[in-house]
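Here's the structure, in structure tokens; my notes come after.
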Amino acid sequence: MDKSLDGWLSGFLGVLIFSGSLPATRLAVADFDPVFLTLARAAIAGLCAGGLLILFRQARPAKRDLFSLLIVSLGVIIGFPLLTALALQHVTSAHSMIFVGLLPLSTAIFGVLRGGERPRPIFWLFSGIGSACVAGFAFFQGGAGSLVGDGFMLAAIIVCGLGYAEGAALSRRLGGWQVISWALVLSLPFMATAALLLQPADWSRIGTPALWSLVYVSLFSMLIGFVFWYRGLALGGIAGVGQLQLLQPFFGLTLAATLLGETVAWPMVAVTGVVVLCVAGAKRFAR
């Protein structure tokens, strides 16, 4: 198979997997504390990642890569899962998908800051319009929204964009799946210890949907999705394959409606569509 096509297919699978993260997190925080959920998913994924690194005899990253791995850990392993879990105690997963529409733009902005690129002025026009649409929707949404929940989601998008951009740049040296694996292993001692200390006192009160959701966000959202995602970026190109993130809100809204029975009103779909168009325009003029 052509490497470029293989990269697009891998990236598409990664986006599909990530699309289930917020609905699964929404189910998990019904029974789990958000902090424990963040710790547990990273610990479980870290144990699996360590096994993969040993199985495939991967060389340790150089000292110069440790700072970048730390940023990846803080962004996509700790920051995004924790902030979204906190947000989903206040807003629905369908509402949170609107903010996910800004993730490609957040990644692009941090790519500019970290990579020294100079986008054309129209890039910032699209950026401003998309951000204004999201802010306006969150403000006028009323009961479906929450100032606290929306704030957590905005913070989650910022730190995740930083983690994605840093990981994409680092993958050029370490390889695709190795980046997330080493980042998980780097954070494993703290995450595993803290998870054991903060685990639920009575596991019998944890429902089956929450348990399966923990499995999903641990194995798929935290590890397997990144294996496909970074592989796609490595084979198909960061700029091109990265645009597949624009499909994530649509997939997420569909899952929220079908699996959780959440209402997806037409304004929510409309705003998501506008945000996707704005992000696509911004990405086009990023260089």
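Remember, predicted model here, so these are calculated numbers, not experimental data.
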Measuring centre to centre across the rings, with the benzene-like ring taken for any Trp, is F228 within less than 6.0 Å of F12? no

Tell me, please, which residues at least two apart from T25 pass side chain to side chain contact (heavy atoms under 4.5 Å, CB included). V29, L37, R41, A85, L88, V217

With heavy-atom distances below 4.5 Å as the criterion, would you say the side chains of S10 and D6 are in contact? yes

Set of residues satisfying side-chain hydrogen bond (donor to acceptor under 3.5 Å, both in side chains) with respect to S187, sequence neighbours excluded: none

Starting from I54, walk the hydrophobic network (Ile, Leu, Val, Met, Phe, Trp, Tyr; side-chain heavy atoms closer than 4.5 Å) and list everyone else you reach, by chain and number. none

Enter the distance from I180:CD1 to L174:CG here, rounded to the nearest 0.5 Å. 12.0 Å

CZ of R60 to CG of L66, rounded to nearest 0.5 Å, is 10.5 Å

Can you tell me how far CD of E166 sits from CG of L113, rounded to the nearest 0.5 angstrom? 11.0 Å

Closest non-hydrogen atom pair, A192 against A43: CA-CB, 3.8 Å

Is it possible for you to say whether L197 and M191 belong to one hydrophobic cluster, with membership spreading through side-chain heavy-atom contacts below 4.5 Å? no

When every non-hydrogen atom of L103 is compared with those of G161, the smallest separation belongs to CD1-N, 3.8 Å

The criterion is side chain to side chain contact (heavy atoms under 4.5 Å, CB included); which residues satisfy it with F220, sequence neighbours excluded? I17, Y216, I224

Suppose the criterion is salt bridge (Lys or Arg N to Asp or Glu O under 4.0 Å): which pairs have a residue in residues 7-36, not counting sequence neighbours? R26-E262

Heavy-atom distance under 4.5 Å between the side chains of W212 and L27, does that happen here? no

How far apart are the closest heavy atoms of L162 and F110, and which atoms are they? N-CD1, 3.4 Å

Which donor-acceptor pairs under 3.5 Å do the side chains of residues 73-83 make with protein atoms, sequence neighbours left out?
{"from": "S73", "atom 1": "OG", "to": "L69", "atom 2": "O", "distance (Å)": "3.0"}
{"from": "S73", "atom 1": "OG", "to": "A183", "atom 2": "O", "distance (Å)": "2.9"}

Apart from L47 itself, what residues make up its hydrophobic cluster, given side-chain heavy atom links below 4.5 Å? L188

Treating Ile, Leu, Val, Met, Phe, Trp and Tyr as nodes and any side-chain heavy-atom pair under 4.5 angstrom as an edge, say whether L214 and L196 lie in one connected cluster. no

Approximate separation, where rounding is to 0.5 Å, of F226 CZ and S221 OG: 8.5 Å

What heavy-atom pair brings F152 and A87 nearest, and what distance separates the two atoms? CB-CB, 3.6 Å

Minimum heavy-atom distance between L184 and G46, given as atom pair plus value: CB-CA, 3.8 Å

So which pairs with a foot in residues 204-221 pass salt bridge (Lys or Arg N to Asp or Glu O under 4.0 Å), sequence neighbours left out? D202-R205

Where A194 and L39 come nearest, the two heavy atoms and their spacing: CB-CD1, 3.6 Å

Donor-acceptor pairs under 3.5 Å, side chain of residues 273-280 to any protein atom, not counting sequence neighbours: which ones?
none

Counting only heavy atoms not in F251, do more than 12 fall under 6.0 Å of its CZ? yes

Name each donor-acceptor pair under 3.5 Å that joins a side chain in residues 124-137 to protein atoms two or more places apart or in another chain, with its distance.
{"from": "S131", "atom 1": "OG", "to": "S127", "atom 2": "O", "distance (Å)": "2.9"}

Nearest 0.5 Å please: distance from the OG atom of S171 over to the CD atom of Q178. 9.5 Å

Do T84 and S96 pass the side-chain contact (heavy atoms from CB on, under 4.5 Å) test, and can you show the C-alpha distance, the side-chain angles, and the key distance before you say yes or no? CA-CA 8 Å; T84 52; S96 67; over 6 Å; no

How many angstroms lie between atom CZ of F99 and atom SG of C160, to the nearest 0.5 angstrom? 14.5 Å

Which residues satisfy the side chain to side chain contact (heavy atoms under 4.5 Å, CB included) test with S181, sequence neighbours excluded? A49, L53, W177, L223

Report the residues that fulfil side chain to side chain contact (heavy atoms under 4.5 Å, CB included) with A59, sequence neighbours left out, ordered by chain and then residue number. none

